[in-house]
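Reviewing the structure listed below.
Nothing here was measured: the structure is a model prediction, and the numbers come from that model.
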There are 2 protein chains.
Amino acid sequence: MTNPQGISELVINRLPRYYRFLGELLAQGVQRISSRELSEKIGLTASQIRQDLNCFGGFGQQGYGYHIAQLRDEIGNILGINKPNKAVLIGAGNLGRAIASHMAFESKGFKLIGIFDKKEALKGQIIKGLPIRHIDDLDDFCRENLPVCAILCIPQKDAYEICNSLIHLGIKGFWNFSHYDLTVNHPEIAVENVHLGDSLMKLSYKIKNIND
Amino acid sequence: MTNPQGISELVINRLPRYYRFLGELLAQGVQRISSRELSEKIGLTASQIRQDLNCFGGFGQQGYGYHIAQLRDEIGNILGINKPNKAVLIGAGNLGRAIASHMAFESKGFKLIGIFDKKEALKGQIIKGLPIRHIDDLDDFCRENLPVCAILCIPQKDAYEICNSLIHLGIKGFWNFSHYDLTVNHPEIAVENVHLGDSLMKLSYKIKNIND
DNA sequence: GGTAATATATGAACAAATTCACAAATTTAT
DNA sequence: ATAAATTTGTGAATTTGTTCATATATTACC
């Protein structure tokens, strides 16, 4: 059962965490786990874990708990990370290059197929086996290779325009590291804004209010 | 009034977003804004914006709205990004180097004062004016310079140990890019887990369920 | 094979977050 | 100066999310 209809975003946020912890357990050779045990490891209540998983179907078994490998597979299916989405990365600056080389795209439902930048000087440089291409080649490349996802590591000022052309080229999902808030303008497209700056400011708040 | 006591995390999450949008408006020369206007730009309800801000005090004026520069300052104070926290970055791999060079730490309440890695080969390389130091020099450096924040761009397997030593060296806040879940183990320390992999999996889910 | 222990699934109770609605204050227009 | 139009701040209503409690199923053990 993998039929999500009106699942709360808060539940979705927790799914990758479950997936990660189950992967670790599996790597340790653990085969089964109860919601109570998992709750201790993961720092949530057992009740919430059961409630979350039940949004998608009854994956557990009374008296036994959850079969880890199977549950992890189910969550992987729900997240849709089994068949990879073809992705292009736009902006091969510091951050773009780091994302390209650092991320394990394959294990998270994506396959990076092209890297683009507007700087002529970067053209041809190889990252993770892919040559940096000039941004002018993006249109042709997309028409030929049909990526569904774009990773935006570009300045805010360029984001709106590039995002628009990408939508016309059939891009359905954006992983957005630019400081531009895509969600606001294109609700019909899947967007995941990262906003590292916001995260850093939240840390500042937490440090400041450490004794509350 | 900047006295946060039992403020919900959801409110805190929105503060940087307010701060960002107010900064943009200010840059455009706008001086005042109503919660209704802001709500349209930012994609939240006006009511929620008023409710959020009122957690910290009445910054608006009936009939007028909010004075942008003043409100932004107030939020900056609440977030504590005015006096910078000294920070060290651990792990000068692809991601660490990108974070060091890419992030505008100063405008977000931090000052990067040291970069460390365990690889001898990287030692001495300059990033953003700072030399990469060997991880063995971390103890001395901390005792001398008293950083309060550490940015972890290291593999999961090293995170637990380094995190522990850093806590003993007086580190109060962690900006964690490793795949290790710090929150689970040290609730008394301020932690902001980034988990880019989780974000990518969420995007996968959103792409898969684009028509719901 | 039967009994005790375990653990899920699920509906109900509770808690938290968001939205609504309006009085009070201020601005703007005349 | 007065009236009309804005717009906040705030308590109440509503919605959403989390936790509790238990019937039901399964396993483990004697």
- prompt: Residues in salt bridge (charged side-chain N to carboxylate O under 4.0 Å, His left out) with A/Glu144, at least two apart?
  reply: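 Salt bridge (charged side-chain N to carboxylate O under 4.0 Å, His left out) check on A/Glu144 returns nothing, list empty.
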query: Taking only residues two or more places apart in sequence or in another chain, which ones pass salt bridge (charged side-chain N to carboxylate O under 4.0 Å, His left out) with B/Lys118?
result: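 B/Lys118 satisfies salt bridge (charged side-chain N to carboxylate O under 4.0 Å, His left out) with B/Asp158 once adjacent residues are dropped.
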- request: On DNA chain C, reading 5' to 3', which nucleotide is the first and which the last to sit with an atom under 4.0 Å from a heavy atom of chain A, could you check?
  value: C/dT6 to C/dG11
A/Ile81 to A/Ser107 - nearest heavy-atom pair and separation: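 Nearest pair, atom of A/Ile81 first, then A/Ser107: CD1-O, 3.9 Å.
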Nucleotide range of DNA chain D lying under 4.0 Å from chain A heavy atoms: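 Terminal contacting nucleotides, 5' to 3': D/dG17 to D/dA28.
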message: Could you check whether A/Glu40 pairs with A/Arg36 (Lys NZ or Arg NE/NH1/NH2 to Asp/Glu carboxylate O, under 4.0 Å)?
response: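 The answer is yes: the pair qualifies as a salt bridge.
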query: Is A/Glu9 salt-bridged to B/Lys206, going by a charged N under 4.0 Å from an acidic O?
result: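 A salt bridge is present here (some side-chain N lies under 4.0 Å from a carboxylate O).
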Which residues satisfy the ring-ring contact (aromatic ring centres under 6.0 Å, His included) test with [X], sequence neighbours excluded?
X        : result
A/Tyr64  : none
B/Phe177 : B/Trp175
B/Phe116 : B/Phe141

- prompt: According to the salt bridge (Lys or Arg N to Asp or Glu O under 4.0 Å) rule, which pairs have a member within residues 193-204 of chain B, sequence neighbours left out?
  reply: A/Arg20-B/Asp198, A/Glu192-B/Lys202
field: the helix from C/dG1-D/dC30 to C/dT30-D/dA1: angle between end helix axes, five pairs per end, rounded to 10 degrees
entry: 20°
task: Count the heavy atoms of every other residue, nucleotide or ligand shown that sit under 6.0 Å from NZ of B/Lys111, and state whether that count exceeds 12.
output: no
message: Quick check on contacts: within residues 25-36 of chain A, what sits under 4.0 Å from DNA chain C by heavy-atom distance?
response: A/Ser34, A/Ser35, A/Arg36
field: Residues in side-chain hydrogen bond (donor to acceptor under 3.5 Å, both in side chains) contact with A/Arg133, at least two apart in sequence or another chain
entry: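 Not a single residue meets the side-chain hydrogen bond (donor to acceptor under 3.5 Å, both in side chains) criterion with A/Arg133.
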message: Under the rule for side-chain hydrogen bond (donor to acceptor under 3.5 Å, both in side chains), what residues qualify as partners of A/Ser204, not counting sequence neighbours?
response: none
task: Select from A/Ser47 and A/Glu9 the residue whose nearest nucleotide in DNA chain D is closer to the 5' end of that strand.
output: A/Glu9
task: Would you mind telling me which residue lines up with the more 5' stretch of DNA chain D, A/Leu10 or B/Arg50, judged by nearest nucleotide?
output: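 It is B/Arg50 whose nearest nucleotide is closer to the 5' end.
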- request: May I ask you to establish whether B/Arg32 and B/Tyr66 are in a cation-pi arrangement, using a distance under 6.0 Å from NZ or CZ to the six-membered ring centre and at most 45° from the ring axis?
  value: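 No, a cation-pi geometry is absent between B/Arg32 and B/Tyr66.
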